[in-house]
Protein chains: 2
Amino acid sequence: MLVTNIKDMVAPSSPSSRSLRTRAALVAAALDLFERQGYDATSAAQVAGAAGVTEMTFFRHFPTKEQVLLDDPYDPVLVAAVGARPRTDPPLARTVDGLRAAWQDIPDDAVAVVRRRTRLVARTPSLRGAVWRNNARTEDAVVDRLVADGTDPLVARAAVGATLAALTAALLHWADADDLAGGSDLADTVRRALSVLVPRLDRTGPTTCGGRGA
Amino acid sequence: MLVTNIKDMVAPSSPSSRSLRTRAALVAAALDLFERQGYDATSAAQVAGAAGVTEMTFFRHFPTKEQVLLDDPYDPVLVAAVGARPRTDPPLARTVDGLRAAWQDIPDDAVAVVRRRTRLVARTPSLRGAVWRNNARTEDAVVDRLVADGTDPLVARAAVGATLAALTAALLHWADADDLAGGSDLADTVRRALSVLVPRLDRTGPTTCGGRGA
DNA sequence: GTCTTTGATGTTAGTCACTAACATCAAAGT
DNA sequence: ACTTTGATGTTAGTGACTAACATCAAAGAC
């Protein structure tokens with residue numbers, strides 16, 4: 001059992017192209033079936049079958065049926081965006097401004113897939129819990145960053161939890177609306193929801209208060 | 001099938017004392033077993049058995065295994081507290097002040113049971129989703145109240161979602177701490193978390209900004 | 001080109017949350 | 001006593017997972 005390559009010691013193995021293809025097929029089949037017949041009415045075995053694979057293989061790629069819908073690796077981006085805000089800002093302002101920056105410009109193709117998934121979540125009550133379990137990961141990551149900069153843990157939890165809640169409200173609201181309406185712009189919806197927590201300064205017109213500084 | 005009593009027309013039936021006893025036994029057995037051997041390691045059938053009843057009966061009283069832990073009917077209290085705040089206040093301030101008022105003074109016996117349950121949730125990752133599914137009910141109720149008063153639906157969702165997130169952060173933080181420490185006061189923890197969103201005015205010392213008014 | 005290794009997949013069998021259909025029991029009213 | 005009706009039990013089934021073990025297929029060693 002000799003190790004023939006350093007790479008094998010670093011990680012168990014980088015995912016093979018075969019594995020990646022299977023995973024992609026599962027995600028595609030899941031989105032398709034969920035949209036056509038509903039999330040609850042679709043079994044994991046059925047998704048696996050549509051992807052030309054076994055139920056067992058499905059669960060080797062995704063720990064739960066929900067996770068096939070929610071496997072975005074955006075956390076590092078958010079953590080970086082929040083961390084980039086001045087450490088002198090209060091925690092809530094740092095978090096809100098960080099998320100604001102991160103969601104300012106989203107590539108159009110990303111918007112499309114976010115929309116499909118969020119629509120499914122919005123109209124499937126049993127998936128709400130999954131969203132929050134997913135948010136928990138993100139929350140932990142951002143909280144760790146704030147705490148590392150000296151923020152009180154409770155304050156950090158409250159600030160990040162509240163901000164992610166507002167963001168989630170925006171996403172669900174946006175996904176639930178019809179595309180036809182003119183007001184269904186994702187970035188704008190996110191901005192409106194976040195400004196409930198921290199008003200923006202870079203805006204024409206009067207603001208309620210001086211803003212976020214000490 | 002004649003109706004012999006007006007009461008029978010109001011509700012299918014008021015829960016009999018027998019039903020109430022069974023329900024209480026299930027809750028007690030669940031809390032006990034969950035604390036002793038963990039939530040995940042305890043099956044619904046086991047809880048039912050400890051309560052002297054069948055698994056089927058368990059699910060007749062609680063739609064899911066989680067709900068045996070989370071059956072508090074506090075929603076109307078919160079809705080009333082938020083509704084009681086002046087309609088001229090911005091939505092976030094109304095919500096935060098409402099929750100603040102509702103959690104200001106909690107009877108000591110209620111604190112004890114909230115603590116037991118919240119501790120379980122805090123140390124059981126698989127229960128996090130349940131908390132949010134529970135919060136969703138409360139969120140809907142409070143949002144409806146705000147929207148009825150003319151608040152924009154997206155703004156209402158963001159405000160209420162964020163506030164409940166901060167409150168939940170406070171509860172989890174408080175339940176996770178050891179009782180020994182002096183700072184483990186529930187009401188104070190809630191106040192600290194909520195003041196991240198809206199600073200209080202009734203406080204000595206300088207505040208960052210004018211507060212919540214227009 | 002064989003040989004070998006190793007990760008990806010299949011097979012089987014089992015647990016547990018939950019549901020539906022039907023039978024029974026016990027209390028409460030007549 | 002008789003009847004009604006809600007609470008409970010019984011049985012059987014589905015679907016989300018998990019564990020143990022067997023197999024297959026691609027990538028490298030020779």
Side-chain angles (χ1 to χ4, degrees), chain A residues 1-26 29-30 33-34 37-70 124-127 129-130 133, chain B residues 1-26 30 33-34 37-49 51-70 124-127 129-130 133:
Chain A
M1 207 198 176
L2 288 172
V3 174
T4 57
N5 192 329
I6 285 283
K7 236 173 55 181
D8 294 346
M9 302 183 63
V10 174
S13 87
S14 60
S16 74
S17 78
R18 192 175 162 213
S19 175
L20 288 179
R21 262 186 294 115
T22 303
R23 185 188 181 86
L26 284 170
L33 285 172
F34 290 168
Q37 55 187 22
Y39 174 85
D40 291 319
T42 305
S43 72
Q46 197 178 352
V47 173
V53 111
T54 317
E55 184 189 6
M56 188 70 245
T57 297
F58 178 98
F59 286 109
R60 264 193 271 257
H61 282 269
F62 303 99
T64 68
K65 182 183 160 189
E66 320 163 336
Q67 283 300 321
V68 74
L69 267 183
L70 313 166
T124 308
S126 54
L127 276 174
R133 226 165 302 146
Chain B
M1 209 199 174
L2 287 172
V3 175
T4 58
N5 191 330
I6 286 284
K7 237 174 56 180
D8 294 346
M9 300 184 63
V10 175
S13 88
S14 60
S16 73
S17 78
R18 192 176 162 212
S19 176
L20 289 179
R21 262 186 294 113
T22 303
R23 185 190 180 86
L26 283 170
L33 286 172
F34 291 167
Q37 54 188 19
Y39 174 85
D40 292 319
T42 305
S43 72
Q46 196 178 353
V47 173
V53 112
T54 317
E55 182 188 8
M56 189 69 245
T57 297
F58 178 98
F59 286 110
R60 264 194 270 258
H61 283 267
F62 303 98
T64 67
K65 181 182 161 190
E66 320 164 335
Q67 283 300 320
V68 74
L69 268 183
L70 312 167
T124 308
S126 52
L127 277 173
R133 224 165 304 148

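Just so we're on the same page: letters track the sequence lines, and every chain starts at 1.
- Rounded to whole Å, the distance from CG on L20(A) to C1' on dT9(C) is 15 Å.
- Listed pair S43(A) / dT14(D) fails the phosphate criterion, with no side-chain N or O lying under 4.0 Å from OP1 or OP2.
- Within the 4.0 Å cut-off from OP1 or OP2 of dG10(C), at least one side-chain nitrogen or oxygen of T54(A) is found.
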task: Apply side chain to side chain contact (heavy atoms under 4.5 Å, CB included) to R133(B) and E66(B), showing your working.
output: CA-CA 10 Å; R133(B) 224 165 304 148; E66(B) 320 164 335; 3.2 Å; yes
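- Within the 4.5 Å cutoff, side-chain heavy atoms of F34(B) are placed close to those of V47(B).
- The shortest distance between the side-chain N/O atoms of T57(A) and the OP1/OP2 oxygens of dG10(C) is below 4.0 Å.
- For the pair Q46(A) CD and dG15(D) P, the computed distance is 9 Å after rounding to whole Å.
- The distance between atom CD of E55(A) and atom P of dC17(D), rounded to the nearest whole Å, is 10 Å.
- OP1 or OP2 of dT9(C) sits under 4.0 Å from a side-chain N or O of T22(A).
- Whole-Å rounding puts the L26(B) CG to dA17(C) P distance at 14 Å.
- Checking dA27(D) for Watson-Crick or G-U wobble geometry (two distances, each under 3.5 Å) identifies dT4(C) as its partner.
- Between T42(A) and M56(A), the residue anchored nearer the 5' end of DNA chain D, judged by the nucleotide with its closest heavy atom, is T42(A).
- Following rounding to the nearest Å, K65(A) (NZ) and dC16(C) (C1') show an atom-to-atom distance of 16 Å.
- Straight-line distance from the CG atom of D40(B) to the P atom of dA16(D): 19 Å, rounded to whole Å.
- Contact between the side-chain N/O atoms of H61(A) and the OP1/OP2 oxygens of dT9(C) is found at a separation under 4.0 Å.
- Note that NE2 of H61(A) is 5.0 Å distant from OG1 of T22(A), once rounded to the nearest 0.5 Å.
- Atom pair R23(A):CZ and dG7(C):P shows a separation of 18 Å (rounding to whole Å applied).
- In this structure a side-chain-to-backbone donor-acceptor pair under 3.5 Å is present from K65(A) to T42(A).
- Side-chain atoms of R60(A) come within donor-acceptor range of the base of dG10(C), with a qualifying N/O pair under 3.5 Å.
- Atom pair F59(B):CZ and dG15(D):C1' shows a separation of 14 Å (rounding to whole Å applied).
- Comparing dC18(C), dA16(D), dT8(D) by their closest approach to the side chain of V53(B) singles out dT8(D).
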message: Assess the residue pair F58(A) and V68(A) against the criterion (side chain to side chain contact (heavy atoms under 4.5 Å, CB included)); give the C-alpha distance rounded to whole Å, side-chain angles, the decisive distance to 0.1 Å, and a yes or no.
response: CA-CA 9 Å; F58(A) 178 98; V68(A) 74; 4.0 Å; yes
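- Ranking dT8(D), dC17(D), dA17(C) by closeness to the T64(A) side chain, first place goes to dC17(D).
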